[in-house]
There are 2 protein chains.
Amino acid sequence: MTYGRTDICRYDDAVPGQPTITLDRSSPVPLYFQVAAQFEAAILSGALGPGERIENEITLAKDLGLSRPTMRQAIQVLVDKGMLVRKRGVGTQVVHGKVSRSVELTSLHDDLTQAGQDPRTTILGLERVPADETIASELQVAKGDDVWSLRRLRLISGKPLALMHNWLPVSLIDLEAHDLDTDGLYAVLRRAGIHMRVAKQRIGAAPASAADAKLLAEKRGAPLLTMQRTAYDNAGHAVEYGSHRYRPDLYSFEITLVDR
Amino acid sequence: MTYGRTDICRYDDAVPGQPTITLDRSSPVPLYFQVAAQFEAAILSGALGPGERIENEITLAKDLGLSRPTMRQAIQVLVDKGMLVRKRGVGTQVVHGKVSRSVELTSLHDDLTQAGQDPRTTILGLERVPADETIASELQVAKGDDVWSLRRLRLISGKPLALMHNWLPVSLIDLEAHDLDTDGLYAVLRRAGIHMRVAKQRIGAAPASAADAKLLAEKRGAPLLTMQRTAYDNAGHAVEYGSHRYRPDLYSFEITLVDR
DNA sequence: TACGTCCATATGTCATGACATATTCTTGAC
DNA sequence: GTCAAGAATATGTCATGACATATGGACGTA
């Protein structure tokens with residue numbers, strides 16, 4: 001059997017509950033990713049329920065016309081996401097418990113948009129300022145060097161949700177306030193060809209200062225959820241440092257941990 | 001060249017900065033894991049500094065007598081941990097910025113012990129109680145079924161750090177208070193042959209209640225960091241549900257996110 | 001009936017080989 | 001001297017094959 005550039009392989013499983021997988025070998029999207037995405041969709045849609053076992057790797061690979069390593073790689077993607085659990089000698093099954101999207105390398109704006117909300121943003125300030133000790137260290141620039149300072153208030157359904165303060169190296173990008181009105185910071189960076197690769201976050205809690213309280217419509221001293229994040233690009237250079245405050249009644253962090 | 005059961009391969013690189021890797025093919029520890037662990041040690045010790053490039057996969061594999069997929073798998077472990085960054089056509093390098101241990105599937109007790117602290121625990125209560133709606137749903141048992149209810153106060157250097165409330169299915173294990181005096185809950189579970197595989201956490205903030213405040217030596221209404229966690233074992237069954245409160249001046253969560 | 005052994009099953013680990021593609025450097029032409 | 005084409009390099013993806021090992025059930029024996 002020979003595969004042309006536009007071959008499409010379909011695999012209709014007779015077993016009820018097993019999803020229908022479609023492969024497009026002409027697509028630039030890797031095969032393992034195509035398989036993983038379709039299994040993920042099946043799990044999220046409920047076609048594959050919690051605890052349900054999927055076909056074994058070898059059979060799946062054969063039916064789809066793939067090698068076992070490729071099939072394994074596809075399954076591994078979902079195991080890493082905490083959606084599937086492998087049991088040696090037994091098989092692979094969907095995890096119990098409701099599957100929720102885990103914390104990924106996205107901005108708050110992305111998160112909210114994907115959740116079907118309609119986030120709005122007020123720019124409180126965009127200016128170039130000299131980096132203090134902390135900012136210089138996080139962004140790997142010299143103390144006193146100019147950096148962007150961006151302060152924003154994020155609103156959801158008209159209610160203030162988060163107070164965000166970001167710092168970026170001026171060498172990286174020319175920020176314009178009107179770009180940030182409609183899109184999130186990360187969307188602007190992506191358009192400029194800057195892609196995040198690694199980020200380190202610290203999540204804590206702190207009382208609202210008088211200024212915080214006024215902007216977030218809370219009382220002074222009220223508990224706020226805080227997050228500091230430093231993000232790095234492909235080259236490993238610091239791209240952004242942010243210090244944010246969230247209203248805890250409107251926002252929380254969800255994380256899925258997988259032991260390997 | 002033939003490998004016996006006790007062969008030891010060593011690889012001394014002439015390039016400064018490249019770590020010395022020792023392989024033990026008689027060990028039950030997978031080869032890729034041995035390689036990854038030694039690279040990780042080299043990075044954490046500073047022998048491999050931020051931004052430093054490591055040898056390419058093919059050369060490394062050849063020098064160590066491994067296949068490329070195995071070498072790749074070893075590197076992938078550290079890429080997943082956010083310690084290495086791959087750049088196609090260029091090479092693999094250590095990420096910039098200080099490398100910190102990311103949030104893993106460990107308990108607070110494990111975290112503190114590893115950090116060289118000396119955590120102490122006070123058991124506030126250990127009893128069997130009927131599960132309410134929330135607990136029953138999280139632990140996948142019927143509402144009203146008996147579950148363990150465990151309340152503990154964690155202290156560090158004599159200061160109260162966290163107030164922890166855990167629920168576990170009674171069918172899982174027989175909990176004894178004296179076991180929990182010295183070790184953490186997760187250590188007790190591990191000894192009983194119960195291994196966590198996946199956990200879902202939600203991190204937020206809330207004001208201290210009067211009872212919280214008294215136990216944590218804070219004022220009523222003071223901000224507390226909160227975390228709810230449900231952990232699942234190999235089989236995908238819920239093992240533990242916990243609702244915890246932390247003093248934000250003494251504890252925060254650190255997370256490393258990696259985009260793939 | 002209870003227990004232990006054996007076997008089928010499915011994932012875990014590892015080797016070899018091949019081609020695709022992004023990146024960077026070098027070389028050559030205008 | 002500058003820019004573009006091409007070569008070198010290194011990771012990304014995929015196929016094939018083999019053996020190791022944990023799990024669970026079936027079968028046989030005491």
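Note on naming: letters A, B, ... go to the chains in the order of the sequence lines (proteins, then strands), and numbering restarts at 1 for each one. Heavy atoms only: backbone and side chains are in, while hydrogens, waters and symmetry mates are out.
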Per the atom types in the model, does the base of C:dG12 pair as donor or acceptor with the side chain of A:Arg68 at under 3.5 Å? yes
In whole angstrom, give the distance that lies between atom CD of A:Gln73 and atom C1' of D:dA15. 12 Å
For B:Glu57 and C:dA15, give me the distance from atom CD to atom P, rounded to whole Å. 14 Å
With a cut-off of less than 4.0 Å, is there a side-chain N or O of B:Arg72 near OP1 or OP2 of D:dG12? yes
Take B:Ile54 and B:Ile75, measure what side chain to side chain contact (heavy atoms under 4.5 Å, CB included) needs, and give me the verdict at the end. CA-CA 10 Å; B:Ile54 66 176; B:Ile75 294 175; 4.2 Å; yes
Any A:Arg25 side-chain N or O less than 4.0 Å from OP1/OP2 of D:dA15: yes
Pairwise 5' ranking along DNA chain D for A:Arg88 and A:Phe33, keeping only the more 5' one: A:Phe33
Whichever of B:Pro69 and B:Arg86 has its nearest DNA chain D nucleotide further upstream toward 5': B:Arg86
Name the closest nucleotide to the A:Leu31 side chain, picking from D:dA20, D:dA15, C:dT13. D:dA15
Where the side chain of A:Asn56 is concerned, which of D:dC14, C:dT11, D:dG12 is the nearest nucleotide? C:dT11
Reckon B:Thr70 has a side-chain N or O less than 4.0 Å from the OP1 or OP2 of C:dT13? no
Give a yes or no on whether the backbone of B:Asp24 and the side-chain of B:Gln34 come within a donor-acceptor separation of less than 3.5 Å. yes
Surrounding CZ of B:Arg86 (heavy atoms of other residues, nucleotides or ligands, distance under 6.0 Å), is the total greater than 12? yes
Picking from C:dT11, C:dT24, D:dT16, which would you name as closest to the side chain of A:Ile58? C:dT11
Could you tell me how far apart B:Ile54 (CD1) and D:dT11 (C1') are, to the nearest whole angstrom? 11 Å
Whole Å only: how far is the NZ atom of B:Lys62 from the P atom of C:dC14? 20 Å
Tell me whether the OP1 or OP2 atom of D:dT11 has a side-chain N or O from B:Thr92 closer than 4.0 Å. yes
Side chains of B:Gln93 and B:Arg53 only: does a donor on one sit below 3.5 Å from an acceptor on the other? no
Measure the distance from CZ on B:Arg53 to P on C:dT23 and round it to the nearest whole Å. 14 Å
Would you mind reading off the distance between A:Met71 atom CE and C:dT11 atom P, rounded to a whole angstrom? 10 Å
For B:Pro30, which contact category applies under a 4.0 Å heavy-atom criterion: base, sugar-phosphate, or nothing? sugar-phosphate
To the nearest angstrom, the CD1-C1' distance between A:Ile75 and C:dT13 comes to 16 Å
Using whole Å, what does the distance between atom C1' of nucleotide D:dA15 and atom CG of A:Leu64 come to? 15 Å
Roughly how far apart are A:Leu66 CG and A:Leu23 CG, rounded to 0.5 Å? 5.5 Å
Measuring to OP1 and OP2 of D:dT13, would you say a side-chain N or O of A:Tyr32 lies under 4.0 angstrom away? yes
